[in-house]
Amino acid sequence: MTGQNATSQDTQTQESQAVQSDRPERELYLDAAASDAVPASVIEAMTPFLTEGYGNPSSVHASGKTAARALDAARASFATNLGAHAGDVIFTSGGTEADNLAVKGIALAQIRREREAGAAAATASTPTRASTPIPASASQYSPAHRILISAVEHPAVAQSAQWLHDFFDFEVVRIPVDAQAHIDLDALSREARRGATLACIMMANNEVGTIEPVSRAVRICHDAAVPVHVDAVQAAGTIPVDFRGLDADTLAVSGHKFGAPKGLGALLTRSRVAIEPIVSGGGQERGLRSGTPNVAGAIALAVALHEACAGMEERNAHLAASRDALIKAICEAVPGATLTGDPVNRLPGHASFTFPNVNGEALLVDLDARGIEVSSGSACAIGRHEAPGTLLAMGLSETEAKSALRFSFREPLHHTDIRRIAQALHASMTALYAM
Ligand code: PLP
């Protein structure tokens, strides 16, 4: 039988129960691309700003000033580790909010500019009128109301672009990718030269680990006067990120991918690009993200990023060696297993595959029962088990895409762990085929 036919809930439950009895003691967590543990050092650094230095950084008293100083220091350290200036950093509630702020904020700023220019021109030409009505539809403004996004962007970017289409008639242009998920730079260049409000390119893909040619993409877009937002959520704290060196206009980062607690992130911005806030209020974070800043959270972000960047090169060499050993072991243990994404230019602790004639969700459940925790695609799609969008954009069929599993880790794997993963995968495949 095929794995596809073996995914009824009853059968899955029976299968999970069958292996539950000899469930190993120690779970192997291989889902760091979804989220990871917070090191004790990060908790230790942030805790005093929950228990003692708890003042509001906007307050003028001593406690407030202590909190403000800590926030400034965290911002400076965080910026340095991303090749940014302190003034570039807007702290947010995570990668999703940072992506939303960049995509929606840049488009809304363009709409504001056009409205103001339209109103000024109308007032000048009709001096007797006190005010000029604002056009009802954004499509009346400019033919360049276009957002270019790579076809493999995370939903935080893709859905923000879709929102601009739904509410403001922006055209969303998906730039295709090749079979390893690299953005098609010729297509990007063609579309950028037709004019656009913004182009969005991720630095590293969450589903297949491919590192994108962002530097070249930024140059292509800037040659056509199109600003660029880079989603660096999977890259920051994992591979070097140099915001100013890259010359991107905005860049999104998420803390829980590199050892900070969940719900923390940042958007890096250059002052040359206008952004309209999407969270309004007291004007914190240069007016771009109102709300009392999360001081302890900012410290956690700074410390976690600092630790992730220290010794990154050496750690990545070990991670890449583990990754390649894991890829080899899995391909030997499961005939027909196929690595997805770029085999070389990929995140160091990321191995993703499709498997023959099996449903990835069933495989994931079975592996979980054997103490191996992996993902069947992006974390956001789990539970719905939609085919991972990146794999479809790479040209895989829906059935192939639904057979995908992702193994991601931030610590090198021991060879006994690699053997255990490969054996478990072999056992799971055998169990699912035999059902
Ligand atoms: N962008 C990418 C590439 C991601 O992988 C994720 C999360 O996995 C996000 C954005 C969203 O980040 P957050 O979980 O901090 O909202």
Side-chain angles (χ1 to χ4, degrees), residues 29-38 78 82 89-105 149-163 177 181-183 200-212 214 217 228-239 241 248 250-268 278-279 289 294 297-298 300-301 304-305 308 340-342 346-347 349-350 352 373-384 386 388-391 393-394 404 406-410:
Y29 182 77
L30 295 158
D31 202 10
S35 202
D36 209 1
V38 180
F78 185 73
L82 292 169
V89 178
I90 308 296
F91 287 123
T92 66
S93 67
T96 297
E97 187 191 328
D99 282 330
N100 271 258
L101 176 56
V103 178
K104 295 177 181 172
I149 64 169
S150 87
V152 294
E153 290 303 307
H154 188 274
V157 167
Q159 290 303 316
S160 295
Q162 182 62 35
W163 183 90
V177 295
H182 307 107
I183 188 169
C200 305
I201 300 123
M202 62 185 1
M203 191 171 273
N205 185 268
N206 45 308
E207 291 172 24
V208 298
T210 296
I211 297 173
E212 296 290 338
V214 269
V228 182
H229 169 61
V230 174
D231 179 336
V233 166
Q234 291 292 338
T238 299
I239 56 174
V241 173
T250 53
L251 183 142
V253 171
S254 173
H256 70 111
K257 310 297 184 183
F258 55 78
K262 294 166 190 63
L264 296 167
L267 184 69
L268 306 184
I278 55 171
V279 177
R289 205 282 184 171
N294 182 346
L301 275 176
L305 184 65
T340 54
D342 190 315
R346 62 185 300 129
L347 291 171
H350 190 299
S352 50
E373 298 182 329
V374 299
S375 154
S376 63
S378 71
C380 304
I382 285 173
R384 301 201 301 270
E386 290 167 3
T390 296
L391 295 175
M394 288 159 58
R406 174 184 76 182
F407 302 73
S408 54
F409 40 95
R410 295 185 58 78

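Counting convention: from 1, in listed order, for ligands and their atoms alike. All of these numbers come straight from a predicted model, not from anything done at the bench.
In this structure, the side chains of H154 and V233 stay at 4.5 Å or more apart for every pair of heavy atoms.
Judged purely by distance below 3.5 Å, without hydrogens or angles, the side chains of H350 and N206 never pair a donor atom with an acceptor atom. A donor and an acceptor atom, one from each side chain of S160 and N100, are located under 3.5 Å apart.
Taking a 4.0 Å cut-off on heavy atoms, H256 registers as neighbouring ligand 1.
Close contacts between ligand 1 and S254 involve ligand atoms 13 (P), 15 (O) [criterion: under 4.0 Å to a heavy atom]. Against a heavy-atom cut-off of under 4.0 Å, G94 is close to the following atoms of ligand 1: 15 (O). The atoms of ligand 1 that sit less than 4.0 Å from any heavy atom of N206 are 3 (C), 5 (O). Atoms of ligand 1 lying under 4.0 Å from any heavy atom of D99, numbered from 1 in the order shown and given with element: 1 (N), 10 (C). If you number the atoms of ligand 1 from 1 as listed, the ones under 4.0 Å from a heavy atom of M202 come out as 3 (C). For ligand 1, the atoms lying closer than 4.0 Å to a non-hydrogen atom of K257 are 7 (C), 8 (O).
Considering backbone and side-chain N/O of G95, one or more are found under 3.5 Å from N/O of ligand 1.
Atom CD of E212 and atom CG of N205 lie 6.5 Å apart (nearest 0.5 Å).
Here K262 has no heavy atoms under 4.0 Å from ligand 1, in either its backbone or its side chain. Using a 4.0 Å cut-off between heavy atoms, T96 contacts ligand 1 through both its backbone and its side chain.
Considering only residues two or more places apart in sequence or on other chains, F78 meets the ring-ring contact (aromatic ring centres under 6.0 Å, His included) condition with F91. Here A308 pairs with F258, R315, R410 under the side-chain contact (heavy atoms from CB on, under 4.5 Å) rule; sequence neighbours left out.
Between the side chain of Q234 and the backbone N or O of M203, no donor-acceptor pair lies under 3.5 Å.
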